[in-house]
Q: 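The structure under discussion is supplied below as structure tokens; questions concerning it will follow.
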Amino acid sequence: MTTVNLNVNGKDYSVEVDGSTRLLDLLRDSLGLTGTKEGCGEGECGACTVIMDGEIVDSCLVLAFQCEGKEIITIEGVQNGDILHPAQKAFIEKGAVQCGFCIPGMVLATKAIIDKNEEPTDDEIREGLSGNLCRCTGYNKMVEAVHRAVEINKEAK
């Protein structure tokens, strides 16, 4: 067993893990953050997407011990109290939410896109969302939602 010290959604944790524990398992089983979903378990679908030190990662492919000293943001960490993140608002407004299985990963990918680019093009948005699969809505509404999230960010300034 190894002790991993990490910050998840602004809160510091010290967690005992074995060498095969994935970040996904640590989040869901040890910390009770079940918004991060397991889809394929092979890094293909993006349902387990989280943001680690500002970059999106598939938490099913990251071993927990690799997270020592890292900052992790899960879907539970994007909302500020009762205030939805612009990406969450935009997905609701544009009807880009269906079954909800892929949405946490899509919202986190959107957050990563708009955190790094204030004017993403359709191609940049599609590239940014490309690691996340959705079998319900298709991607046009999600691209619209990312553009709307950009607008919401601008309106807030």
Q: Would a single hydrophobic cluster contain both Val17 and Leu61, if residues Ile, Leu, Val, Met, Phe, Trp and Tyr are joined by side-chain heavy-atom contacts under 4.5 Å?
A: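 Unlinked, Leu61 and Val17 end up in two clusters.
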Q: Salt bridge check: are Lys11 and Glu76 linked by an N-O gap of less than 4.0 Å?
A: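 Result for this pair is no, no salt bridge flagged.
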Q: Going by atom types only, do Asp18 and Ser20 share a side-chain donor-acceptor pair under 3.5 Å?
A: yes
Q: Are the side chains of Lys141 and Cys134 in contact, using a 4.5 Å heavy-atom criterion?
A: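 No, their side chains stay 4.5 Å or more apart.
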Q: With clusters built from Ile, Leu, Val, Met, Phe, Trp and Tyr whose side-chain heavy atoms come within less than 4.5 Å, directly or transitively, what are the remaining members of the cluster of Leu24, listed by chain and number?
A: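 Besides Leu24, the hydrophobic cluster comprises nothing; the residue is isolated.
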Q: Identify which one of Leu23, Val15, Val50, Thr74 satisfies the side-chain contact (heavy atoms from CB on, under 4.5 Å) criterion when paired with Val8.
A: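 In the set Leu23, Val15, Val50, Thr74, the residue that makes a side-chain contact (heavy atoms from CB on, under 4.5 Å) with Val8 is Thr74.
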Q: Quick one: which residue pairs count as a salt bridge (Lys or Arg N to Asp or Glu O under 4.0 Å) with a foot in residues 51-67, not counting sequence neighbours?
A: Asp53-Lys70, Glu55-Lys116
Q: Quick one: does Ile125's side chain get under 4.5 Å of Pro120's, heavy atoms only?
A: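 Result yes, sub-4.5 Å side-chain heavy-atom pair found.
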Q: Any non-hydrogen side-chain atom of Glu124 less than 4.5 Å from a side-chain atom of Ile113?
A: no
Q: Answer yes if Leu108 and Tyr139 sit in the same cluster of Ile, Leu, Val, Met, Phe, Trp and Tyr residues linked by side chain heavy atoms under 4.5 Å apart, and no otherwise.
A: yes
Q: Could you list the donor-acceptor pairs under 3.5 angstrom formed by side chains in residues 87-95, with sequence neighbours left out?
A:
unit_1: Gln88; atom_1: OE1; unit_2: His85; atom_2: N; d: 2.8
unit_1: Glu93; atom_1: OE1; unit_2: Arg148; atom_2: NE; d: 2.6
unit_1: Glu93; atom_1: OE1; unit_2: Arg148; atom_2: NH2; d: 3.4

Q: Where the side chain of Arg28 meets the backbone of Thr36, is there a donor-acceptor pair that is under 3.5 Å apart?
A: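 Between the backbone of Thr36 and the side chain of Arg28 there is a qualifying donor-acceptor contact (under 3.5 Å).
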Q: Is there a path of hydrophobic side-chain contacts, each under 4.5 Å between heavy atoms of I/L/V/M/F/W/Y residues, joining Ile152 to Val107?
A: no
Q: Mind checking whether Met52 and Gln66 have side chains closer than 4.5 Å, heavy atoms only?
A: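 Met52 vs Gln66: side chains apart.
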Q: Which atom pair, heavy atoms only, marks the closest approach of Ile56 to Ala109?
A: CG2-CA, 4.1 Å
Q: Counting only heavy atoms from other residues, nucleotides and ligands, does the tally under 6.0 Å from CD of Glu127 exceed 12?
A: no
Q: For residues Glu68 and Asn5, determine if any side-chain heavy atom of one lies less than 4.5 Å from a side-chain heavy atom of the other.
A: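 Result yes, sub-4.5 Å side-chain heavy-atom pair found.
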Q: Is Tyr13 reaching over with its side chain to a backbone N or O of Val4, donor-acceptor style, under 3.5 angstrom?
A: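 Such a contact is absent between Tyr13 side chain and Val4 backbone.
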Q: Just wondering, do Asn9 and Leu33 contact through their side chains at under 4.5 Å, heavy atoms?
A: yes
